[in-house]
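Quick notes on the structure that follows.
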Amino acid sequence: MTDSKGRVDTTTSTDEFIKGLWRENPVFVQVLGMCPVLAVTNSGINALAMGLATTFVLVLSNALVSMLRHFIPRQVRIATFILIIATFVTVVDYLIQAISLDLHRALGAFISLIVVNCLILGRAEAFASKNSVGRSVLDGLGMGLGFTFALLCLGCAREILGNGSLFGVALFPAGYQPWIVMILPSGGFFTLALWLLLFNHLKARQQAAATPLPEASP
Amino acid sequence: MSSADANATHSQPSSWPLYRALVGVGIVCGLLIVSVYVLTLPVIARNEAEALQQAVFQVLPGAVSRASFVLTADDNFRRAVEGDDPRRMVHAGYTGDGLLAGVAIEAQGMGYQDVIRILYGYAPQSQAIVGMQVLASKETPGLGDKIEKDLAFLANFRALDVSLGNDEQTLLQPIEAVKSGSKTLPSQIDGITGATISSKAIAAILRASSARWVPLVYRLQGEFAEGGGSDDGQ
């Protein structure tokens, strides 16, 4: 398979999809889009909804950017990408209002935040503007689901510790004193740090297993 | 820059593709946004009307039908018709026997993040607020948004006293928010730990709105009795 510049591309479509889930996870590896990661992960349901809405915008904007990639000159690409992203965010906003006002009320404050999620502009610029529509959609889907997965990791941990519940269902007996700091902004930083620690540890172990270490390494 | 200038330097592209891309993408995006807006507008309006109707029944326990009234310029209530100012509207709820269960009143005020819109039910017979529901708020998720979900907080509004003094113009005890667990008066609202500003905002909205509407609705409650549930479901 060759891309627009005629380079031979050896990655398979499955790779494009899988890479966002794990190897290039937008949050745990690329550390992109930290604003929603920290701001809206104080409950599992908020994290899930934000993740899915972002995935929707990411897939559609990747698809349109890729479709128009030969039509958009480099000089005006940022302006047009932002316009495309803002359009899909507005579309999502109206669609959610039409589907369910309750859902919109739960998400209202976050939806507009998607416009400024650097993950989406990052994928448009780094991937969709250089690859075919099919690959861009797979890339968007993988990245979006990887982002959702990461948000869920944070959201569930923070909701359990900070509110004593998961997806709104109380987990502990009535006497449990929730650890309120976890749903406050500082709790977001603590939880993110711990997840990053875990993921880096896992990655280091994976690499260590792949390449045999020299005997004397401390 | 004219196109002749642009073509003169070989490495510089002419400005035409730039205009074409920006205007083209602008037109596509504009069409997309406007068509989605136009397509979803009636659905959203219907959702909002349904939500308001549901909310009226939520904040007025026992009500099975409703009718909207509008405050006229000479401080009387008449049946609302299309195009009336929603800010001057109240919604009367009636029991199965056609008796007035109470009047649902919309109010709004500044919260921690943005304007909070609420609907509350006032029962003139018991001179109390008998229900409250948040219609729209952008309070901090997980903290301020507890004003919508916290059961202990919502229990404050099952019988929140708004009795009028002898002059029937002012409230005996204005509504106020107190620290969680320290409610002593029937006109006080037990606040939420971690959502102090939002719970105080609800108290302030109710205090301001009840000072304006409660004396009016109490004095004119007879005007609602005539409307006995003839336009429910609108």
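Chain identifiers are assigned alphabetically (A, B, ...) following the order of the sequence lines, protein sequences preceding nucleic acid strands; residue numbering begins at 1 within each chain. Fair warning: this is a prediction, and the values are worked out from it, not measured in the lab.
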Side chain, backbone, both or neither of B:Leu135 within contact of chain A (heavy atoms, under 4.5 Å): backbone
Pairs of heavy atoms under 4.5 Å with chain B: top-ranked of A:Ile72, A:Thr90, A:Leu64, A:Thr80: A:Thr80
Within-4.5 Å side-chain heavy-atom neighbours: A:Arg74 and B:Leu18: no
Greater than 12 external heavy atoms within 6.0 Å of A:Phe71's CZ: yes
Portion of B:Arg46 that has a non-hydrogen atom of chain A nearer than 4.5 angstrom: neither
Value rounded to 0.5 Å, distance of CD in A:Gln75 from CG in B:Leu22: 10.5 Å
Toward chain A, the part of B:Glu48 with a non-hydrogen atom under 4.5 Å: both
Side chain to side chain contact (heavy atoms under 4.5 Å, CB included) between B:Thr40 and A:Gln97, intermediate numbers included: CA-CA 8 Å; B:Thr40 53; A:Gln97 279 189 63; over 6 Å; no
Over all atoms of both residues, closest heavy-atom pair of A:Pro73 and B:Pro17: CG-O, 3.6 Å
Closest approach of A:Tyr94 to B:Ile44 (non-hydrogen atoms, all atoms of both residues): O-CD1, 3.8 Å
Side chain B:Asn47, main chain A:Leu101, donor-acceptor under 3.5 Å: no
Segment of A:Leu83 engaging chain B (4.5 angstrom heavy-atom cut-off): both
Heavy atoms of other groups near B:Lys183 NZ, more than 12 under 6.0 Å: yes
Value rounded to 0.5 Å, distance of SG in B:Cys29 from CD1 in A:Ile82: 11.5 Å
Any side-chain heavy-atom pair of B:Leu32 and A:Phe88 under 4.5 Å: yes
Over 12 non-hydrogen atoms of neighbours within 6.0 angstrom of CZ in B:Arg20: yes
Whether over 12 other heavy atoms sit under 6.0 Å from A:Phe189 CZ: no
More than 12 heavy atoms from other groups under 6.0 Å of OH on B:Tyr112: no
OH/B:Tyr37: more than 12 non-hydrogen atoms of other groups inside 6.0 Å: no
